[in-house]
*Asks:* 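If you scroll down you'll find the structure; I have some questions about it.
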Amino acid sequence: MCIAILTTAHPDYPFILLNNRDEYLHRPTAEATWWPEPDSQVLGGYDLHRPVHGTWLGVTRQGRIAVLTNYREEGEAIIIGARSRGLIPNAWLKTDPSKNVSTEDFARHMIEEDGVKGVGGFSLCYGFVQDVVKEAKGTGKGLAIVSNRTPEVDDVIRLLGKGGETHALSNAAYGDRSWPKVVNGEAWTQKAISESVAANETRDQLVQRLLGVLSTDTMPRQKENEEWDMYLNQLRHSIFVPSIGRDHLEEHKMPAHEVGDVVKHKAVDATSGCYGTQKNIVMLVDKQGKAYYLERTLFDEDAKPVEKGKGDRVFEYQIEGW
């Protein structure tokens, strides 16, 4: 149950993005990197389980940004396998930088030309970082949110409309305030920024505070005799999801020998078994258009914890045309 928190509340970094990728821990995922040609303008991780190599979050050298969260509505048929939701942010990030494609143009393509058909429920927050920074000054457009539940182009939501805003998006429709992780994520991010500014902290100190927000575990522990499917509803409570499901991998006790130990800790496939927060991401952009991007990987491909900091990848670059 991923979360994205976006804010314009910091005076020196008018665009900040926090993200937790929550996923089955055996699902193979590429570490954040500059993508190969012909999409070398894109920075981010991407899925290796499906051949389309979709992403959940990415940025470009030119300032495009996209972050996607999926959701399911009660009573709705679940669409599985028809199209990968990761193709949606890919479509925005892979847009030819030389073409003047606006957020409105993209929304029209998605909604009116079947660009959002055939996938499960999702919300995509996307746009240009430049428009957020200008928005903080009262002169830009902010970011847009499009969904396959958005009926018309005119219904596309805009956020970060002014300085001092903080918004969180998780695995429900944007604006659903019934999720504690959304409400807490916004409040705790604002508090972290306020305290960092008051203490006149460095960028690295600010990043550590923000990682602290992403690492806050308020997940209720499974009760005795609580059904697994019911317990999964608790995911809406916690920004950070600890590794859960290991007991279910071990419920068929196996002999204590090498092969048995490997098998009982291994999921049947990439979308089952242990689940939890796989990655933390923090992105900052300053007033001069200098971007800082940190991805922290928390579990390796065998779902084993990575020592703190050992899975970090850091990128710094100047957004073109600033």
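All values below were derived from every heavy atom in this structure, side-chain atoms included, with hydrogens, water molecules and symmetry-related copies excluded. Everything quoted here is computed from the prediction, not taken from an experiment.
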*Asks:* Indicate the atoms forming the closest heavy-atom contact of Leu93 with Arg64, along with that distance.
*Replies:* CD2-O, 4.2 Å
*Asks:* Is Thr95 reaching over with its side chain to a backbone N or O of Trp92, donor-acceptor style, under 3.5 angstrom?
*Replies:* yes
*Asks:* Please answer whether the main-chain N or O of Lys304 pairs with a side-chain N or O of Asp302 as donor and acceptor at a distance below 3.5 Å.
*Replies:* no
*Asks:* Is there a salt bridge (charged side-chain N to carboxylate O under 4.0 Å, His left out) between Glu104 and Arg158 once you walk through the steps?
*Replies:* CA-CA 11 Å; Glu104 293 83 2; Arg158 292 279 178 176; 2.8 Å; yes
*Asks:* Check whether any side-chain heavy atom of Lys191 sits under 4.5 Å from a side-chain heavy atom of Val213, and report yes or no.
*Replies:* no
*Asks:* List the steps and the verdict of side-chain contact (heavy atoms from CB on, under 4.5 Å) for Tyr292 and Leu206.
*Replies:* CA-CA 12 Å; Tyr292 170 93; Leu206 169 63; over 6 Å; no
*Asks:* State the CG-CZ distance between Asn20 and Arg296, to the nearest 0.5 angstrom.
*Replies:* 11.5 Å
*Asks:* Looking only at heavy atoms, what is the nearest atom pair of Gln62 and Phe128, with distance?
*Replies:* O-CD2, 4.4 Å
*Asks:* How about Lys223 and Met230: do any of their side-chain heavy atoms sit closer than 4.5 Å?
*Replies:* no
*Asks:* Within a reach of under 6.0 Å around CG of Asn200, are more than 12 heavy atoms found that belong to other residues, nucleotides or ligands?
*Replies:* no
*Asks:* Indicate yes or no for a side-chain donor-acceptor contact from Arg313 to the backbone of Gly311 under 3.5 Å, with no hydrogens or angles considered.
*Replies:* no
*Asks:* Quick one: SG on Cys125 to CG on Leu17, what's the gap to the nearest 0.5 Å?
*Replies:* 8.0 Å
*Asks:* Please report the closest heavy-atom contact between Thr297 and Phe299, naming both atoms and the distance.
*Replies:* CG2-O, 3.3 Å
*Asks:* When you check the gap from the basic side-chain N to the acidic O, do Arg21 and Glu295 get nearer than 4.0 Å?
*Replies:* no
*Asks:* Verify the cluster assignment for Val183 and Trp179: are they in a single hydrophobic cluster under the rule of side-chain heavy atoms below 4.5 Å apart?
*Replies:* no
*Asks:* So, taking the atom named CD in Gln278 and the one named OG1 in Thr29, what distance separates them when rounded to the nearest 0.5 Å?
*Replies:* 4.0 Å
*Asks:* Between Asn171 and Cys2 (side chain of the first, backbone of the second, donor and acceptor by atom type, cut-off under 3.5 Å), is there such a pair?
*Replies:* yes
*Asks:* Can you find a heavy atom in the side chain of Ile5 that is under 4.5 Å from one in the side chain of Trp188?
*Replies:* no
*Asks:* To the nearest 0.5 Å, what is the distance between OG on Ser238 and CG on Asn184?
*Replies:* 9.0 Å
*Asks:* Taking all atoms of both residues into account, what is the closest heavy-atom pair of Ser243 and Cys274, and its distance?
*Replies:* OG-CB, 4.1 Å
*Asks:* Indicate yes or no: at least one non-hydrogen side-chain atom of Tyr293 is less than 4.5 angstrom from one of Leu57.
*Replies:* yes
*Asks:* Is it the case that the side chain of Tyr46 and the backbone of Val52 share a donor-acceptor pair, with hydrogens and angles ignored and the cut-off at 3.5 Å?
*Replies:* no
*Asks:* Answer yes if the side chains of Ser178 and Asp176 hold a donor-acceptor pair under 3.5 Å, and no otherwise.
*Replies:* yes
*Asks:* Do Val59 and Val129 touch side chain to side chain, with heavy atoms closer than 4.5 Å?
*Replies:* no
*Asks:* Does the side chain of Ser40 come within less than 4.5 Å of Trp35's, by heavy atoms?
*Replies:* no
*Asks:* Does atom CG (Asn100) have a neighbourhood of more than 12 heavy atoms from anything else shown, all under 6.0 Å?
*Replies:* no
*Asks:* Could you tell me whether the side chain of Thr55 and the main chain of Gly45 form a donor-acceptor pair under 3.5 Å?
*Replies:* yes
*Asks:* Side chains of Leu143 and Val132: does their closest heavy-atom pair fall under 4.5 Å?
*Replies:* yes
*Asks:* Assigning hydrophobic clusters by single linkage (Ile, Leu, Val, Met, Phe, Trp, Tyr; side-chain heavy-atom cutoff under 4.5 Å), is Val306 placed with Leu214?
*Replies:* no
*Asks:* Can you check whether Phe122 and Trp56 have ring centres sitting under 6.0 Å from each other?
*Replies:* no
*Asks:* Evaluate the side-chain proximity of Asn280 to Leu298: yes if any heavy-atom separation is below 4.5 Å, no if none is.
*Replies:* yes
*Asks:* If we check side-chain contact (heavy atoms from CB on, under 4.5 Å) with Ser196, which of these qualifies: Arg209, Gln208, Gln205?
*Replies:* Arg209
*Asks:* Rounded at 0.5 Å granularity, tell me how far CG in Leu232 sits from OH in Tyr275.
*Replies:* 8.5 Å
*Asks:* Taking Tyr231 for its side chain and Pro220 for its backbone only, find out whether a donor-acceptor pair lies under 3.5 Å.
*Replies:* yes
*Asks:* If you compare all heavy atoms of Thr69 against all heavy atoms of Ser170, which two are closest, and at what distance to 0.1 Å?
*Replies:* OG1-O, 2.9 Å
*Asks:* Check Ala91 against Met110 and note the closest heavy-atom contact, atom names and distance.
*Replies:* CB-CE, 4.4 Å
*Asks:* Does a donor on one side chain sit under 3.5 Å from an acceptor on the other, for Gln41 and Arg61?
*Replies:* no
*Asks:* Would you compute the distance between atom OG of Ser102 and atom NZ of Lys141 and round it to the nearest 0.5 angstrom?
*Replies:* 5.5 Å
*Asks:* Can you check whether Pro14's main-chain N or O pairs, donor with acceptor, with Thr8's side chain at less than 3.5 Å?
*Replies:* no
*Asks:* Just one of Lys279, Arg236, Lys181 clears the salt bridge (Lys or Arg N to Asp or Glu O under 4.0 Å) bar with Asp22, so which one?
*Replies:* Lys181
*Asks:* Under the side-chain contact (heavy atoms from CB on, under 4.5 Å) test against His10, which residue among Ile193, Leu210, Leu284, Asp286 passes?
*Replies:* Ile193
